[in-house]
Amino acid sequence: ALTAAIAFLLIFLKIAIRYKNNIELPKLGIVFLLVSLIPWVQLTFGQISHVGVAWVNFIYLFGFSLAFLTGWNWEKNEAGRGLDFIFSAVLLASVSSVGMQLKQCFFPEITWRWIPSGFGSRFAGSLSHPNLLGTLHVWGLLGVVWIGSRWNVDWRVSVAAIFWLLTGIA
(Lines give C-alpha, C1' and ligand atoms only; values in the text may rest on other atoms or scores of the structure.)
Protein backbone atom coordinates (compact mmCIF):
# COMPACT_ATOMS: atom_id res chain seq x y z
CA ALA A 1 0.00 0.00 0.00
CA LEU A 2 2.79 2.40 0.86
CA THR A 3 4.60 1.66 -2.39
CA ALA A 4 1.42 2.26 -4.41
CA ALA A 5 0.72 5.50 -2.56
CA ILE A 6 4.27 6.72 -3.21
CA ALA A 7 4.01 5.71 -6.88
CA PHE A 8 0.74 7.58 -7.34
CA LEU A 9 2.18 10.58 -5.49
CA LEU A 10 5.15 10.68 -7.88
CA ILE A 11 2.92 10.28 -10.94
CA PHE A 12 0.57 12.97 -9.63
CA LEU A 13 3.50 15.33 -8.99
CA LYS A 14 4.78 14.72 -12.52
CA ILE A 15 1.35 15.54 -13.94
CA ALA A 16 1.05 18.57 -11.65
CA ILE A 17 4.42 19.91 -12.83
CA ARG A 18 3.68 19.24 -16.50
CA TYR A 19 0.19 20.79 -16.40
CA LYS A 20 0.58 23.24 -13.53
CA ASN A 21 -1.98 25.64 -14.99
CA ASN A 22 -4.54 22.94 -15.73
CA ILE A 23 -4.81 20.83 -12.55
CA GLU A 24 -8.24 20.29 -11.06
CA LEU A 25 -9.22 19.21 -7.58
CA PRO A 26 -12.79 17.97 -8.11
CA LYS A 27 -15.26 17.90 -5.24
CA LEU A 28 -15.20 14.12 -5.16
CA GLY A 29 -11.40 14.24 -4.85
CA ILE A 30 -11.73 16.55 -1.84
CA VAL A 31 -14.20 14.10 -0.30
CA PHE A 32 -11.75 11.22 -0.81
CA LEU A 33 -8.92 13.23 0.76
CA LEU A 34 -11.11 14.06 3.75
CA VAL A 35 -12.16 10.42 4.11
CA SER A 36 -8.49 9.44 4.21
CA LEU A 37 -8.18 11.48 7.42
CA ILE A 38 -10.86 9.44 9.23
CA PRO A 39 -8.37 6.90 10.70
CA TRP A 40 -6.48 9.75 12.41
CA VAL A 41 -9.73 11.12 13.83
CA GLN A 42 -10.60 7.62 15.05
CA LEU A 43 -7.17 7.31 16.66
CA THR A 44 -7.62 10.67 18.37
CA PHE A 45 -10.99 9.63 19.87
CA GLY A 46 -9.82 6.14 20.88
CA GLN A 47 -11.74 4.10 18.33
CA ILE A 48 -8.45 2.80 16.97
CA SER A 49 -5.97 1.78 19.64
CA HIS A 50 -2.73 1.51 17.63
CA VAL A 51 -0.98 4.14 15.55
CA GLY A 52 0.13 1.46 13.09
CA VAL A 53 -3.46 0.51 12.28
CA ALA A 54 -4.38 4.15 11.70
CA TRP A 55 -1.28 4.63 9.54
CA VAL A 56 -2.00 1.62 7.32
CA ASN A 57 -5.66 2.58 6.89
CA PHE A 58 -4.66 6.16 6.10
CA ILE A 59 -2.14 5.00 3.48
CA TYR A 60 -4.74 2.83 1.74
CA LEU A 61 -7.30 5.63 1.66
CA PHE A 62 -4.76 8.31 0.74
CA GLY A 63 -3.36 6.11 -2.03
CA PHE A 64 -6.88 5.69 -3.40
CA SER A 65 -7.36 9.47 -3.28
CA LEU A 66 -4.11 10.01 -5.18
CA ALA A 67 -5.08 7.35 -7.72
CA PHE A 68 -8.39 9.13 -8.30
CA LEU A 69 -6.79 12.59 -8.61
CA THR A 70 -4.03 11.26 -10.85
CA GLY A 71 -6.49 9.52 -13.16
CA TRP A 72 -8.81 12.52 -13.23
CA ASN A 73 -6.10 15.00 -14.22
CA TRP A 74 -4.24 12.63 -16.51
CA GLU A 75 -7.38 11.86 -18.50
CA LYS A 76 -8.32 15.54 -18.58
CA ASN A 77 -4.96 16.62 -19.97
CA GLU A 78 -3.95 13.59 -22.05
CA ALA A 79 -6.96 11.47 -22.93
CA GLY A 80 -6.16 7.77 -22.95
CA ARG A 81 -2.59 8.04 -21.63
CA GLY A 82 -3.47 6.69 -18.20
CA LEU A 83 -5.02 3.59 -19.72
CA ASP A 84 -2.03 3.25 -22.04
CA PHE A 85 0.20 3.20 -18.97
CA ILE A 86 -1.96 0.68 -17.08
CA PHE A 87 -2.44 -1.70 -20.00
CA SER A 88 1.27 -1.51 -20.87
CA ALA A 89 2.21 -2.48 -17.32
CA VAL A 90 -0.35 -5.28 -17.19
CA LEU A 91 0.71 -6.61 -20.59
CA LEU A 92 4.38 -6.58 -19.58
CA ALA A 93 3.57 -8.44 -16.35
CA SER A 94 1.38 -10.95 -18.16
CA VAL A 95 3.85 -11.68 -20.94
CA SER A 96 6.71 -12.18 -18.48
CA SER A 97 4.52 -14.41 -16.29
CA VAL A 98 4.02 -16.83 -19.18
CA GLY A 99 7.78 -17.25 -19.30
CA MET A 100 7.81 -17.93 -15.56
CA GLN A 101 5.03 -20.48 -16.01
CA LEU A 102 6.94 -22.29 -18.73
CA LYS A 103 10.05 -22.38 -16.54
CA GLN A 104 8.00 -23.88 -13.70
CA CYS A 105 6.48 -26.46 -16.04
CA PHE A 106 9.57 -27.65 -17.90
CA PHE A 107 12.34 -26.99 -15.34
CA PRO A 108 10.74 -27.39 -11.87
CA GLU A 109 14.00 -28.57 -10.28
CA ILE A 110 15.82 -25.34 -11.12
CA THR A 111 15.12 -22.69 -8.50
CA TRP A 112 15.66 -19.01 -9.12
CA ARG A 113 15.35 -16.25 -6.62
CA TRP A 114 12.45 -14.44 -8.31
CA ILE A 115 10.61 -17.44 -9.73
CA PRO A 116 9.27 -19.97 -7.23
CA SER A 117 9.26 -23.63 -8.15
CA GLY A 118 6.06 -25.11 -9.56
CA PHE A 119 3.28 -26.46 -7.36
CA GLY A 120 1.91 -29.73 -8.72
CA SER A 121 0.38 -29.49 -12.16
CA ARG A 122 -0.92 -25.92 -11.91
CA PHE A 123 1.67 -23.21 -12.23
CA ALA A 124 1.27 -19.70 -10.88
CA GLY A 125 4.25 -17.77 -12.24
CA SER A 126 5.27 -15.31 -9.54
CA LEU A 127 1.72 -15.07 -8.17
CA SER A 128 0.45 -17.16 -5.29
CA HIS A 129 -2.39 -18.93 -7.09
CA PRO A 130 -2.99 -20.10 -10.67
CA ASN A 131 -6.40 -18.40 -10.80
CA LEU A 132 -4.76 -15.05 -10.12
CA LEU A 133 -2.34 -15.70 -12.97
CA GLY A 134 -5.23 -16.62 -15.28
CA THR A 135 -6.90 -13.32 -14.43
CA LEU A 136 -3.66 -11.48 -15.16
CA HIS A 137 -3.46 -13.21 -18.54
CA VAL A 138 -7.03 -12.19 -19.42
CA TRP A 139 -6.15 -8.61 -18.52
CA GLY A 140 -3.05 -9.05 -20.68
CA LEU A 141 -5.30 -10.03 -23.61
CA LEU A 142 -7.28 -6.84 -23.05
CA GLY A 143 -3.97 -4.98 -23.03
CA VAL A 144 -3.05 -6.48 -26.41
CA VAL A 145 -6.33 -5.26 -27.87
CA TRP A 146 -6.04 -1.81 -26.28
CA ILE A 147 -2.42 -1.21 -27.23
CA GLY A 148 -2.86 -2.77 -30.65
CA SER A 149 -5.69 -0.40 -31.47
CA ARG A 150 -4.20 2.74 -29.88
CA TRP A 151 -0.62 2.40 -31.07
CA ASN A 152 -1.31 0.88 -34.52
CA VAL A 153 0.73 -2.24 -33.75
CA ASP A 154 1.18 -4.65 -36.65
CA TRP A 155 -1.49 -7.36 -36.49
CA ARG A 156 1.16 -10.12 -36.58
CA VAL A 157 2.71 -8.82 -33.36
CA SER A 158 -0.72 -8.71 -31.73
CA VAL A 159 -1.54 -12.25 -32.86
CA ALA A 160 1.84 -13.51 -31.56
CA ALA A 161 1.20 -11.83 -28.19
CA ILE A 162 -2.28 -13.34 -28.04
CA PHE A 163 -0.95 -16.83 -28.76
CA TRP A 164 1.78 -16.37 -26.15
CA LEU A 165 -0.81 -15.34 -23.53
CA LEU A 166 -3.16 -18.16 -24.52
CA THR A 167 -0.25 -20.55 -23.95
CA GLY A 168 -0.14 -19.29 -20.39
CA ILE A 169 -3.90 -19.61 -19.97
CA ALA A 170 -3.83 -23.19 -21.29
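All values below were derived from every heavy atom in this structure, side-chain atoms included, with hydrogens, water molecules and symmetry-related copies excluded.
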Between Trp151 and Ser88, is any pair of side-chain heavy atoms under 4.5 Å apart?
-> yes
Student check: side-chain heavy atoms of Val90 and Leu142 closer than 4.5 Å | no
Looking only at heavy atoms, which two atoms of [X] and [Y] are closest? And how far apart?
| X | Y | answer |
| --- | --- | --- |
| His137 | Ser94 | ND1-OG, 2.9 Å |
| Gly140 | Leu91 | O-CD1, 3.4 Å |
| Leu141 | Leu165 | N-CD1, 3.6 Å |

Sequence neighbours left out, what pairs pass salt bridge (charged side-chain N to carboxylate O under 4.0 Å, His left out) with at least one residue falling in [range]?
| range | value |
| --- | --- |
| residues 63-73 | none |
| residues 12-21 | Arg18-Glu78 |
| residues 51-65 | none |

With Glu24 via salt bridge (charged side-chain N to carboxylate O under 4.0 Å, His left out) - residues at least two apart = Lys76
Tell me whether [Y] is reachable from [X] by hopping between hydrophobic residues (I, L, V, M, F, W, Y) whose side-chain heavy atoms are closer than 4.5 Å.
| X | Y | result |
| --- | --- | --- |
| Phe12 | Ile6 | yes |
| Phe58 | Val51 | yes |
| Leu61 | Leu34 | no |
| Val95 | Ile86 | yes |
| Ile147 | Val145 | no |

Measure the spacing between [atom1] of [X] and [atom2] of [Y] and express it to the nearest 0.5 Å.
| X | Y | atom1 | atom2 | value |
| --- | --- | --- | --- | --- |
| Asn22 | Ile15 | CG | CD1 | 11.5 Å |
| Lys103 | Ser97 | NZ | OG | 13.5 Å |
| Ile11 | Thr70 | CD1 | OG1 | 6.5 Å |

Any residue meeting side-chain contact (heavy atoms from CB on, under 4.5 Å) with [X], in chain and number order, not counting sequence neighbours:
| X | answer |
| --- | --- |
| Leu66 | Phe8, Leu9, Phe62 |
| Leu25 | Ile30, Leu33, Leu69 |
| Val53 | Ile48, His50, Asn57 |
| Leu92 | none |

Using the ring-ring contact (aromatic ring centres under 6.0 Å, His included) rule, collect all pairs that involve residues 63-83, keeping only residues at least two apart or in two chains.
-> Phe32-Phe64, Phe32-Phe68, Phe68-Trp72, Trp74-Phe85
Side chain to side chain contact (heavy atoms under 4.5 Å, CB included) between Ile169 and Leu133, intermediate numbers included = CA-CA 8 Å; Ile169 292 173; Leu133 185 60; over 6 Å; no
Listed once per pair and sorted, the side-chain hydrogen bond (donor to acceptor under 3.5 Å, both in side chains) pairs that draw on [range], sequence neighbours left out:
| range | answer |
| --- | --- |
| residues 26-44 | none |
| residues 138-148 | Asp84-Trp146 |
| residues 154-167 | Asp154-Arg156 |

Give a yes or no answer on whether the side chain of Glu75 reaches the backbone of Gly82 with a donor-acceptor pair at less than 3.5 Å.
-> no
